[in-house]
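First the proteins, then the strands, lettered A, B, ... as listed; each starts at 1.
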2 protein chains.
Amino acid sequence: MSKDTPAKLIDAAVILFAKKGFSTVTIREVAEASSANSALISYHFGGKEGLYRAVLEQQFAEVGRALLSVSTQNERPLDRIATFAWAIINLHQTNPYLLRLVNAELSTPTPSFKEVVKLYIGRNFEFICQAIREGIEVGEIKKEIQPEYAALALAGIINFYFLAKPLEQQFVTMNSDSDSEYGKQAIQIYLNGIRRNGSE
Amino acid sequence: MSKDTPAKLIDAAVILFAKKGFSTVTIREVAEASSANSALISYHFGGKEGLYRAVLEQQFAEVGRALLSVSTQNERPLDRIATFAWAIINLHQTNPYLLRLVNAELSTPTPSFKEVVKLYIGRNFEFICQAIREGIEVGEIKKEIQPEYAALALAGIINFYFLAKPLEQQFVTMNSDSDSEYGKQAIQIYLNGIRRNGSE
DNA sequence: GTCTATATTGCGATAGAC
DNA sequence: GTCTATCGCAATATAGAC
């Protein structure tokens, strides 16, 4: 059995919205890419805006699933941070459109987006902050580190690479395992950066 | 004497393009914001696209200037990297529209963007790579570090914070010197992360 | 150089047959 | 549910007076 029309439309729209941004994409484009009729977008989703909302919901459902496994583990703080970072890297690899969609909303978040994001991103942010606080308490992490800023630094070092990939490819030649190679380097730099060294 | 029309148009367009992205902004909006006539956009810049190109050029001229002062200094590698990072932070503080303009183009660069940007960003990227290579040679930086990936990590740790600021403010309360506070933490983490420790 | 008025295009949405 | 045809609108660009 082949996919039904709403699913076909969403699948095509995810790619187009991620690549070109909401306003640049036309419903005729989406229709052609999904071999459906443009009128069906209004019929099934109430319009272009409704299709976009459906796309966001489908994509963010993935985030919740991916990170559920991490937060239930119980390693030591530094290891927990590394596990989390790899989960994010894996998420971006398996779902390359997610970050682009988020990015489009970064500068001027829409109200509906804010709600969705605050839930998913806020949860992750708190998870990392907590791991850092614990790390400081048990002496694994330098006590000068401020958990909130250090959490943002981790977000930057992991996410920016995937975000700017189209630009980066103009300067660095990348192959199939550049992502995990970057992950190794980035996580190593970050953990060494916050780790409390014995001498101190 | 008041500013001439092209300058007025560019100044208004910088803000609008940064806030809303190229396709969402209408020439009528720009005209109203700059108290000029919309027809003058075609007259002076040959159209909306030409105005956008002029905006990018004006903004990126700033980047060139900011980096110039850094690259002429001649510190040791790690200090040079720190000086560079602070210059970028300062650039974002004094010019909050720049990164938003870049961000809008991150996923799908337009032709005008590619030409202007490849020059400026490529130059910065090479500058950092070179500093890292030197740092490895003189034993200041771990030899396992790969210069290209480490340069991308620095870009991420510095730029992402400013990029995602509208989102971050929902989780962290920020004040006027949060930027430099973040800068201290981020640069400290990064430099400690790549620095060769004495024992090794 | 600057204005008004308009030409032209392409969008999202819908009416109505099937 | 899906199609064709079309409406209504808003956008860029331009022609032509001043």
Distance check needed: [N] [atom2] versus [X] [atom1], whole Å only.
X: A:Glu32; N: D:dT4; atom1: CD; atom2: P; result: 13 Å
X: A:Leu51; N: C:dC11; atom1: CG; atom2: P; result: 16 Å
X: B:Lys48; N: C:dT9; atom1: NZ; atom2: P; result: 18 Å
X: A:Glu49; N: C:dT14; atom1: CD; atom2: C1'; result: 18 Å
X: B:Lys3; N: C:dG1; atom1: NZ; atom2: P; result: 17 Å
X: B:Glu29; N: D:dA13; atom1: CD; atom2: C1'; result: 17 Å
X: A:Ile41; N: D:dT2; atom1: CD1; atom2: P; result: 12 Å
X: B:Asp4; N: C:dG1; atom1: CG; atom2: P; result: 8 Å

Between the base of C:dG12 and the side chain of A:Arg28, is there any donor-acceptor pair under 3.5 Å?
yes
Can we say A:Glu148 and A:Arg133 salt-bridge, meaning some charged N sits less than 4.0 Å from an Asp/Glu carboxylate O?
yes
Check whether NZ of the Lys or CZ of the Arg A:Lys48 lies under 6.0 Å from the centre of the six-membered ring of A:Phe17 and within 45 degrees of that ring's axis.
no
Do A:Asn159 and A:His92 meet the criterion of a side-chain donor-acceptor pair at a distance under 3.5 Å?
yes
Tell me yes or no: between the side chains of B:Asn37 and B:Tyr43, is some donor less than 3.5 Å from an acceptor?
no
For [X], which contact category applies under a 4.0 Å heavy-atom criterion: base, sugar-phosphate, or nothing?
X: A:Val25; value: sugar-phosphate
X: B:Thr5; value: sugar-phosphate
X: A:Thr26; value: sugar-phosphate

Looking at B:Asn37, does any N or O in its side chain come under 4.0 Å of the phosphate oxygens OP1/OP2 on C:dT4?
yes
Between A:Glu140 and A:Leu78, is there a donor-acceptor pair closer than 3.5 Å when you use the side chain of the first and the backbone of the second?
yes
On DNA chain D, compare the nucleotides closest to A:Tyr43 and A:Ser38; which residue's is nearer the 5' end?
A:Tyr43
Report the nucleotide, chosen from C:dG1, D:dT2, C:dT14, that has the shortest atom-to-atom distance to any side-chain atom of A:Leu40.
D:dT2
Please tell me which of the listed nucleotides, C:dG1, C:dT4, D:dA13, lies nearest to the side chain of B:His44?
C:dG1
